[in-house]
Amino acid sequence: MDDLDRRLLAVLATDGRAPISTLAGTLGVTRATVRVRMERLAEAGEILGYRAILKSDLADRPVRGIILIEIEGRGAARIARGIAAMPEVEAVHSTHGRWDLIAELGADTLEALDVTLNRIRLIEGVSRSETNLYLSTRRS
(Lines give C-alpha, C1' and ligand atoms only; values in the text may rest on other atoms or scores of the structure.)
Protein backbone atom coordinates (compact mmCIF):
# COMPACT_ATOMS: atom_id res chain seq x y z
CA MET A 1 0.00 0.00 0.00
CA ASP A 2 1.41 3.35 -1.00
CA ASP A 3 0.53 6.97 -0.28
CA LEU A 4 -2.13 7.11 -3.02
CA ASP A 5 -3.87 4.04 -1.57
CA ARG A 6 -3.86 5.60 1.90
CA ARG A 7 -5.25 8.88 0.57
CA LEU A 8 -7.94 6.99 -1.37
CA LEU A 9 -8.94 5.07 1.75
CA ALA A 10 -9.09 8.29 3.76
CA VAL A 11 -11.43 9.90 1.22
CA LEU A 12 -13.60 6.76 1.09
CA ALA A 13 -13.77 6.67 4.90
CA THR A 14 -15.25 10.16 4.78
CA ASP A 15 -17.63 9.45 1.89
CA GLY A 16 -17.90 5.81 0.84
CA ARG A 17 -20.42 6.73 -1.87
CA ALA A 18 -18.25 9.31 -3.61
CA PRO A 19 -18.35 8.86 -7.40
CA ILE A 20 -15.14 7.64 -9.02
CA SER A 21 -14.88 10.90 -10.97
CA THR A 22 -15.00 12.88 -7.71
CA LEU A 23 -12.38 10.61 -6.13
CA ALA A 24 -10.15 11.02 -9.19
CA GLY A 25 -10.44 14.80 -9.06
CA THR A 26 -9.77 14.94 -5.33
CA LEU A 27 -6.71 12.69 -5.64
CA GLY A 28 -5.44 14.21 -8.90
CA VAL A 29 -5.43 10.93 -10.85
CA THR A 30 -7.51 9.37 -13.62
CA ARG A 31 -10.78 7.54 -13.07
CA ALA A 32 -9.12 4.36 -14.37
CA THR A 33 -6.44 4.66 -11.70
CA VAL A 34 -9.05 5.04 -8.96
CA ARG A 35 -11.06 2.08 -10.29
CA VAL A 36 -7.98 -0.18 -10.45
CA ARG A 37 -6.83 0.89 -6.98
CA MET A 38 -10.26 0.28 -5.46
CA GLU A 39 -10.47 -3.18 -7.04
CA ARG A 40 -6.97 -4.05 -5.80
CA LEU A 41 -7.72 -2.80 -2.28
CA ALA A 42 -10.95 -4.81 -2.21
CA GLU A 43 -9.17 -7.96 -3.41
CA ALA A 44 -6.48 -7.48 -0.75
CA GLY A 45 -9.16 -7.17 1.93
CA GLU A 46 -8.38 -3.54 2.75
CA ILE A 47 -11.86 -2.46 1.61
CA LEU A 48 -14.44 -4.79 3.09
CA GLY A 49 -17.51 -2.92 1.90
CA TYR A 50 -19.30 0.38 1.81
CA ARG A 51 -21.97 1.56 4.18
CA ALA A 52 -24.21 4.51 4.66
CA ILE A 53 -24.15 6.18 8.07
CA LEU A 54 -27.74 7.03 8.82
CA LYS A 55 -29.01 9.83 10.99
CA SER A 56 -30.95 7.21 12.91
CA ASP A 57 -27.68 5.38 13.70
CA LEU A 58 -26.84 8.25 16.02
CA ALA A 59 -30.38 9.13 17.13
CA ASP A 60 -31.37 5.58 18.12
CA ARG A 61 -28.67 5.49 20.79
CA PRO A 62 -28.14 9.05 21.97
CA VAL A 63 -25.64 8.18 24.72
CA ARG A 64 -22.45 7.07 23.00
CA GLY A 65 -18.81 6.62 23.90
CA ILE A 66 -15.91 4.23 24.32
CA ILE A 67 -14.42 2.21 27.12
CA LEU A 68 -10.67 1.57 27.15
CA ILE A 69 -9.90 -1.74 28.83
CA GLU A 70 -6.74 -3.16 30.38
CA ILE A 71 -6.63 -6.94 30.75
CA GLU A 72 -4.68 -8.92 33.29
CA GLY A 73 -3.32 -12.22 31.99
CA ARG A 74 -4.16 -13.95 28.73
CA GLY A 75 -7.93 -13.71 28.59
CA ALA A 76 -8.24 -11.03 25.88
CA ALA A 77 -10.08 -13.21 23.36
CA ARG A 78 -12.55 -14.50 25.96
CA ILE A 79 -13.14 -11.02 27.36
CA ALA A 80 -13.58 -9.49 23.88
CA ARG A 81 -16.19 -12.15 23.00
CA GLY A 82 -18.08 -11.51 26.24
CA ILE A 83 -18.08 -7.76 25.76
CA ALA A 84 -19.07 -8.01 22.08
CA ALA A 85 -22.15 -10.03 23.06
CA MET A 86 -23.56 -7.16 25.15
CA PRO A 87 -26.36 -5.32 23.33
CA GLU A 88 -24.94 -1.85 24.11
CA VAL A 89 -21.56 -2.74 22.58
CA GLU A 90 -21.32 -1.82 18.91
CA ALA A 91 -17.74 -2.94 18.26
CA VAL A 92 -14.69 -4.24 20.13
CA HIS A 93 -11.16 -3.45 18.93
CA SER A 94 -7.89 -4.98 20.08
CA THR A 95 -5.14 -2.40 20.42
CA HIS A 96 -1.45 -2.02 21.03
CA GLY A 97 -0.26 0.21 23.82
CA ARG A 98 -1.53 1.01 27.27
CA TRP A 99 -5.01 -0.43 26.65
CA ASP A 100 -5.74 -3.95 25.41
CA LEU A 101 -9.28 -3.44 24.10
CA ILE A 102 -11.48 -0.54 23.10
CA ALA A 103 -15.24 -1.04 22.99
CA GLU A 104 -17.62 1.35 21.23
CA LEU A 105 -20.83 1.80 23.21
CA GLY A 106 -24.32 3.10 22.58
CA ALA A 107 -27.29 3.28 24.95
CA ASP A 108 -30.62 5.03 25.37
CA THR A 109 -29.75 6.57 28.75
CA LEU A 110 -26.77 7.26 30.97
CA GLU A 111 -28.18 4.76 33.46
CA ALA A 112 -28.25 1.98 30.82
CA LEU A 113 -24.69 2.80 29.82
CA ASP A 114 -23.64 2.74 33.48
CA VAL A 115 -25.07 -0.77 33.87
CA THR A 116 -23.07 -1.95 30.86
CA LEU A 117 -19.88 -0.32 32.12
CA ASN A 118 -20.29 -2.04 35.47
CA ARG A 119 -20.87 -5.39 33.77
CA ILE A 120 -17.65 -4.92 31.78
CA ARG A 121 -15.65 -3.93 34.86
CA LEU A 122 -16.84 -7.05 36.71
CA ILE A 123 -15.56 -9.45 34.04
CA GLU A 124 -12.76 -11.60 35.42
CA GLY A 125 -9.47 -10.40 33.94
CA VAL A 126 -10.49 -6.77 33.44
CA SER A 127 -8.00 -4.96 35.63
CA ARG A 128 -8.63 -1.32 34.70
CA SER A 129 -10.81 0.78 32.43
CA GLU A 130 -11.44 4.34 31.35
CA THR A 131 -14.64 5.61 29.77
CA ASN A 132 -15.04 8.56 27.41
CA LEU A 133 -18.46 9.85 26.35
CA TYR A 134 -19.07 11.46 22.98
CA LEU A 135 -20.50 14.96 23.42
CA SER A 136 -21.12 15.71 19.74
CA THR A 137 -20.40 14.13 16.37
CA ARG A 138 -19.42 16.04 13.23
CA ARG A 139 -19.27 14.46 9.82
CA SER A 140 -17.35 16.07 7.00
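In what follows, every heavy atom counts, from backbone to side chain, and hydrogens, waters and symmetry copies are set aside.
Partners of T30 according to the side-chain hydrogen bond (donor to acceptor under 3.5 Å, both in side chains) rule, which considers only residues two or more places apart in sequence or in another chain, are T33. Remark: D5 engages R37, R40 in a side-chain hydrogen bond (donor to acceptor under 3.5 Å, both in side chains) (not counting sequence neighbours).
Considering only heavy atoms from C-beta on, L110 comes within 4.5 Å of L133 through its side chain. Inter-residue side-chain proximity for L105 and V63 is flagged as unmet; no heavy-atom pair is nearer than 4.5 Å. Between D108 and P62 there is a side-chain heavy-atom pair separated by less than 4.5 Å.
Distance CD/E90 to CD1/I66: 12.5 Å, rounded to 0.5 Å. How far CH2 of W99 is from NE2 of H93: 16.0 Å, rounded to the nearest 0.5 Å. The OG atom of S94 sits 13.0 Å away from the CD1 atom of I79 when rounded to the nearest 0.5 Å. Expressed to the nearest 0.5 Å, how far CD of E46 lies from CG of L8 amounts to 11.5 Å. A distance of 9.5 Å separates CG in L9 from CE in M38, rounded to the nearest 0.5 Å.
Listed for the D100 side chain is no donor-acceptor partner under 3.5 Å among the backbone atoms of E70. At least one donor-acceptor pair under 3.5 Å links the side chain of T26 to the backbone N or O of T22.
Connection of Y134 to V89 is not established within any shared hydrophobic cluster, with ILVMFWY side chains joined at heavy-atom distances below 4.5 Å, either directly or through further cluster members. Hydrophobic clustering (ILVMFWY, side-chain heavy atoms < 4.5 Å, transitive): M86 and I102 are in distinct clusters. Cluster membership check: L4 shares its hydrophobic cluster with I20, using side-chain heavy-atom separations under 4.5 Å among Ile, Leu, Val, Met, Phe, Trp and Tyr. Hydrophobic clustering of Ile, Leu, Val, Met, Phe, Trp and Tyr side chains at less than 4.5 Å, counting indirect connections, unites V29 with L41.
The environment of CD in E72 is sparse: at most 12 heavy-atom neighbours from other residues, nucleotides or ligands sit within 6.0 Å.
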Please tabulate, for the side chains in residues 116-124, all donor-acceptor contacts under 3.5 angstrom to protein atoms that are two or more places apart in sequence or on a different chain.
residue	atom	partner	partner atom	Å
T116	OG1	E88	OE1	2.9
T116	OG1	A112	O	3.3
N118	ND2	D114	O	3.2
R121	NE	S129	OG	3.1
R121	NH2	T131	OG1	3.3

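Screening V92, I67, T95, L68 against L101 for a side chain to side chain contact (heavy atoms under 4.5 Å, CB included) leaves a single residue, V92.
Using a 4.0 Å cut-off between a side-chain N of Lys or Arg and a carboxylate O of Asp or Glu, R7 and D3 qualify as a salt bridge.
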